[in-house]
Asker: 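So that we are looking at the same thing, I have put the structure below in structure tokens.
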Amino acid sequence: MRFHKTLIPTLREDPVDAQVVSHRLMLRAGLIRPLGSGIYTWLPLGLRVLRKVEAIVRQEMDNAGAQEVLMPAVQPAELWQESGRWDFYGKELLRFLDRHERACCFGPTHEEVISDLVRREIRSYRQLPANFYQIQTKFRDEIRPRFGIMRGREFLMKDAYSFDLDQAGLDASYQAMFAAYQRIFQRCGLAFRAVEADTGSIGGASSHEFHVLADSGEDVIISCDQCDYAANLEKAVAAEALPQEGDPAVVMEKIATPGQKSIEEVARFLKLPVQQLVKSLLVETPAGPVLLLLRGDRSLNMVKAANALNLPQVTIPDADRAAYWAGVGMGSLGPVGSRLPVVADHELRHLRNFACGANEEGWHLLNVNWQRDLPVPSFADLRNVTAGEPCARCGTGRLQRHQGIEVGHVFKLGDKYSKAMGVKVLDSQGSEQTLVMGCYGIGVSRIVAAAIEQNHDANGIRWPRSLAPFSLQLILLNPRDSGEVAAAEELYQSLRAAGVEVLLDDRDERAGVKFKDADLLGCPLRLLVGGRSFKEGMVELQSRAGDLSQKLPVGESLLPALLAVIHSSTP
RNA sequence: CGGGGUGUAGCGCAGCCUGGUAGCGCAUCGGCUUUGGGAGCCGAGAGUCGGAGGUUCGAAUCCUCUCGCCCCGACCA
């Protein structure tokens with residue numbers, strides 16, 4: 001491709017709105033341009049990268065035995081009403097009416113459509129197992145789109161759906177996808193980690209997320225430094241707290257804590273370690289308010305709270321609402337004498353002589369103990385684990401905390417959709433069986449951003465070979481020098497004929513501009529034709545990574561020498 | 001959805017407080033000189049000042065409403 005004939009609008013300055021590296025570089029390198037909040041046009045260079053990711057995904061899916069289809073982006077409401085998701089799915093679902101005033105949505109996912117297809121077309125167990133996938137534009141009306149392509153509203157996704165007769169079949173389909181995903185992310189040159197994930201309100205047996213490790217990642221993942229345990233924050237379990245020894249229970253005492261609101265203030269005031277305080281959090285649920293208890297230094301995980309209460313979601317009310325429910329300001333909220341249902345974190349089971357709010361403005365209780373001073377509540381996993389805690393799985397390792405970008409998710413759906421929508425076949429006995437489903441997503445466009453987050457330096461992008469828009473950027477230093485032009489043209493043609501993807505920078509720009517842009521665009525190799533070295537009969541080959549810089553003589557041996565480097569395995 | 005910020009030429013910004021009809025840098029176009037890490041000089045084009053309404057002789061500037069974009073927020077007792 002010729003630079004001067006291609007729209008590659010590089011920016012010298014950083015776009016002010018872009019917060020993360022990938023967003024900045026995608027704009028600066030001319031890969032994308034914004035159209036509205038969370039929606040982008042892919043320009044020629046960006047599209048090439050997107051297609052690279054697509055191709056890798058497609059190959060590995062095909063190799064894993066999945067069949068590619070393409071489903072409609074626009075879906076009728078009836079299907080969603082049938083699965084029950086029309087009312088359940090929130091505002092993320094973009095809904096609209098067609099000219100006949102029939103309700104539609106722009107598909108954020110395709111369980112309903114594929115289930116409808118399979119129930120119509122697959123009748124016999126002999127047609128199973130089956131796995132259908134598509135690579136398609138999805139739209140989710142995110143609360144807050146941000147970070148450019150990373151969390152856009154419109155994005156390119158690969159979604160796959162497996163259908164099996166029984167659980168064992170699903171397990172096998174799931175494993176096949178899991179393995180395919182590992183190959184896909186490896187081929188994309190990404191450092192990633194598969195983690196156990198919360199299955200949330202959808203239920204189901206197991207689920208793994210694939211995260212690209214990056215500081216800018218929006219998700220927190222927890223892993224053990226000894227064993228292979230890894231989970232996202234919503235799922236990560238803490239090791240059980242040991243029973244507290246000693247301190248024979250002393251009498252509960254009520255103490256004035258005027259003006260002390262936060263846990264830290266109260267702890268300081270009472271001269272107690274924060275760990276000896278119990279914080280009481282009021283959450284709102286469809287079934288009414290619930291009081292959640294955590295150790296003073298812990299933080300609540302909302303997903304865990306929702307799971308513990310067996311609800312799709314819980315919300316934290318604002319101060320006024322909370323005070324209304326509790327009958328007391330938030331700083332003095334506590335479980336003793338509370339009429340609200342109480343759920344405490346596992347960790348509090350063995351806590352003795354703790355302090356908590358007295359349910360009376362400006363008062364706290366000291367030396368509180370379960371059973372003696374208040375009923376033993378139900379216990380559940382409510383809190384976020386923290387780095388450095390012992391691993392619950394192996395017991396010897398310590399938990400580590402990383403930031404991750406979720407690029408893939410595999411999920412055993414079970415019969416949630418197949419049951420609701422009647423996806424059944426006849427088994428070998430001739431009786432009807434409801435199929436069990438799995439679903440498997442990959443954020444194709446997000447991978448492009450994630451790859452940049454992991455592969456860049458101060459000067460720009462450093463594409464992994466497999467994703468680079470071009471393997472080589474050929475810089476023609478002076479397009480007015482006929483000798484240089486002839487040499488560059490010949491190289492351009494012969495490299496292309498040899499199957500190398502080349503971007504020929506034939507712009508009439510100064511050398512500095514071309515060098516800067518080459519760094520920014522980040523193709524793995526740069527070949528310079530012109531200037532001093534050309535006068536000596538040489539061209540210069542450099543790697544973007546900086547580990548290669550050599551002069552090669554122009555002539556018969558040049559092309560083979562170039563091809564050798566291009567095809568070598570060094571990244 | 002709440003809170004904050006911001007909207008002036010393609011991009012980055014100044015001007016607004018204190019009303020008098022728009023400017024700077026980069027980019028673009030033309031010319032000359034330059035030519036190995038984002039060149040210099042000269043000249044040119046380009047802006048409904050996000051939109052609507054109001055105040056005023058006069059509004060980018062003051063007031064009201066509205067829209068877009070960006071950031072923070074369900075973290076906490």
Side-chain angles (χ1 to χ4, degrees), chain A residues 7 9-20 23 27-28 30 33-39 90-91 141-148 220 233 257 260-267 274 277-284 291-303 305-306 313-323 325-326 328-335 338 345 355-359 361-362 364 382-384 386 459-460 475-481 484 507-520 526 528-535 539-540 542:
Chain A
L7 182 63
T10 57
L11 301 175
R12 183 182 301 213
E13 293 169 49
D14 270 333
V16 73
D17 285 345
Q19 302 296 309
V20 295
H23 191 196
L27 291 166
R28 280 195 59 201
R33 282 294 181 265
L35 182 61
S37 181
I39 51 180
K91 289 185 177 174
D141 203 353
E142 295 278 345
I143 300 174
R144 187 143 91 85
R146 59 185 132 176
F147 303 153
V220 173
L233 192 61
T257 50
Q260 310 300 311
K261 295 243 181 267
S262 74
I263 280 283
E264 289 72 24
E265 287 168 359
V266 173
V274 233
L277 267 64
V278 165
K279 66 164 81 165
S280 309
L281 286 75
L282 189 125
V283 297
E284 223 173 341
L291 203 57
L292 302 179
L293 306 182
L294 295 180
R295 209 173 79 177
D297 57 334
R298 301 304 191 188
S299 62
L300 177 69
N301 185 294
M302 302 282 285
V303 173
Q313 207 189 351
V314 299
T315 53
I316 299 229
D318 60 39
D320 291 345
R321 273 182 84 77
W325 288 117
V328 64
M330 296 203 285
S332 304
L333 196 53
S338 176
D345 184 72
C356 61
N359 271 331
E361 204 64 56
H364 277 75
L382 296 176
R383 69 179 181 92
N384 289 318
T386 54
N459 296 317
I475 296 183
L476 164 57
L477 203 60
N478 184 359
R480 297 183 220 191
D481 180 310
E484 290 184 15
R507 293 175 299 169
D508 188 10
E509 288 284 355
R510 299 170 68 83
V513 172
K514 296 187 180 190
F515 293 147
K516 288 287 186 189
D517 275 348
D519 288 345
L520 184 57
R526 175 207 298 181
L528 177 67
V529 176
R532 293 192 298 262
S533 54
F534 190 71
K535 288 191 179 65
V539 296
E540 297 168 44
Q542 291 177 319

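Values in this document were obtained by computation on a predicted structure and should not be read as measured data. Chain letters run A, B, ... following the sequence lines, proteins first, then strands; residues in each count from 1.
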Asker: I'd like the P distance from B:rA27 over to B:rC72, given in whole Å.
Answerer: 32 Å
Asker: Does A:Glu142 have any salt bridge (Lys or Arg N to Asp or Glu O under 4.0 Å) partners at least two apart in sequence or in another chain, and if so, which?
Answerer: A:Arg151
Asker: Could you state the atom-to-atom distance from CD of A:Glu264 to P of B:rC75 in whole Å?
Answerer: 14 Å
Asker: Please give the distance between the P atoms of B:rA14 and B:rU8 as a whole number of Å.
Answerer: 11 Å
Asker: Under the ring-ring contact (aromatic ring centres under 6.0 Å, His included) test, which residues partner A:His364, sequence neighbours left out?
Answerer: none
Asker: Side-chain N or O of A:Arg144 versus OP1/OP2 of B:rC71: is the shortest distance under 4.0 Å?
Answerer: yes
Asker: Sort out the partner of B:rU18 for me: Watson-Crick or G-U wobble, both distances under 3.5 Å, none otherwise.
Answerer: none
Asker: Taking atom C1' of B:rC75 as reference, at what distance in whole Å does atom CG of A:Leu292 sit?
Answerer: 14 Å
Asker: Take atom C1' in B:rG38 and the same atom in B:rA22, then report the distance between them in whole Å.
Answerer: 29 Å
Asker: With P as the reference atom in both, quote the distance from B:rG20 to B:rG12 in angstrom, rounded to an integer.
Answerer: 26 Å
Asker: Once you round to the nearest 0.5 Å, how far does CG of A:Asp345 lie from CG of A:Leu294?
Answerer: 5.5 Å
Asker: I need the A:Leu382 CG to A:Arg298 CZ distance, nearest 0.5 Å.
Answerer: 12.5 Å
Asker: Looking only at atom C1', what distance separates B:rA52 and B:rG7, rounded to whole Å?
Answerer: 16 Å
Asker: Can you tell me the Watson-Crick or wobble partner of B:rC49, both distances under 3.5 angstrom?
Answerer: none
Asker: Report the base-pairing partner of B:rA27 (Watson-Crick or G-U wobble, both distances below 3.5 angstrom), or none.
Answerer: none
Asker: Tell me the partner of B:rG37, counting only Watson-Crick (N1-N3 plus N6-O4 or O6-N4) or G-U wobble (N1-O2 and O6-N3) with both under 3.5 Å; none if nothing fits.
Answerer: none
Asker: Which whole-number value in Å describes the distance from A:Asp17 CG to B:rG12 P?
Answerer: 7 Å
Asker: Sugar-phosphate means primed atoms, P, OP1 and OP2; the rest is base. With that split, encode nucleotides 31-50 of chain B 5' to 3' as B, S or - using protein heavy atoms under 4.0 Å.
Answerer: ---B-BBBB-----------
Asker: Look at the side chain of A:Glu484 and the backbone N and O of A:Gly531, then say whether any donor-acceptor pair between them is shorter than 3.5 Å.
Answerer: yes
Asker: With rounding to whole Å, what would you report as the distance between B:rU55 and B:rC65 at their C1' atoms?
Answerer: 15 Å
Asker: For B:rU61, give its Watson-Crick or G-U wobble partner with both distances under 3.5 Å, or none.
Answerer: none
Asker: Between A:Gly530 and A:Ser533, which heavy-atom pair has the shortest distance, and what is it?
Answerer: O-OG, 3.5 Å
Asker: Using purine N1 to pyrimidine N3 plus N6-O4 or O6-N4 for Watson-Crick, or N1-O2 and O6-N3 for G-U wobble, each under 3.5 Å, what pairs with B:rC69?
Answerer: B:rG5
Asker: Quick one: CG on A:Leu477 to CD on A:Glu509, what's the gap to the nearest 0.5 Å?
Answerer: 12.0 Å
Asker: B:rC1 C1' sits how many Å from A:Asp141 CG, rounded?
Answerer: 13 Å
Asker: Let me confirm one number: the CZ-CG distance from A:Arg507 to A:Asp517, rounded to the nearest 0.5 Å.
Answerer: 4.5 Å
Asker: Using heavy-atom distances to pick each residue's nearest nucleotide on RNA chain B, tell me which of A:Gln19 and A:Lys279 is more 5'.
Answerer: A:Gln19
Asker: Roughly how many Å apart are B:rC24 and B:rU34, using the P atom of each and rounding to a whole number?
Answerer: 29 Å
Asker: How would you label the contact of A:Leu294 with the nucleic acid (heavy atoms, under 4.0 Å): base, sugar-phosphate, or nothing?
Answerer: nothing
Asker: Under 4.0 angstrom, heavy atoms only, what part of the nucleic acid is A:Leu300 near: base, sugar-phosphate, or nothing?
Answerer: base
Asker: Over all strands shown, is A:Ser299 touching base, sugar-phosphate only, or nothing at heavy-atom distances under 4.0 angstrom?
Answerer: base
Asker: Whole-Å distance between B:rG10 P and A:Arg33 CZ?
Answerer: 14 Å
Asker: Quickly work out the A:Leu7 CG to B:rG10 P distance and round it to whole Å.
Answerer: 16 Å
Asker: Contact class for A:Asn359 (heavy atom, under 4.0 Å): base, sugar-phosphate, or nothing?
Answerer: nothing
Asker: Give me the distance, rounded to whole Å, that separates B:rC63 from B:rU56 when you measure between the C1' atoms they each carry.
Answerer: 12 Å
Asker: Taking only side-chain nitrogens and oxygens of A:Ser37, does any of them come within less than 4.0 Å of OP1 or OP2 of B:rC70?
Answerer: yes
Asker: Could you check how far CD1 of A:Ile143 sits from C1' of B:rC1, rounded to whole Å?
Answerer: 9 Å
Asker: For a quick test of reading the model, state the closest non-hydrogen atom pair linking A:Leu293 to A:Ser280 and the distance between them.
Answerer: CD2-OG, 3.5 Å
Asker: Give the rounded distance in Å between these two atoms: CG of A:Leu233 and P of B:rA74.
Answerer: 13 Å
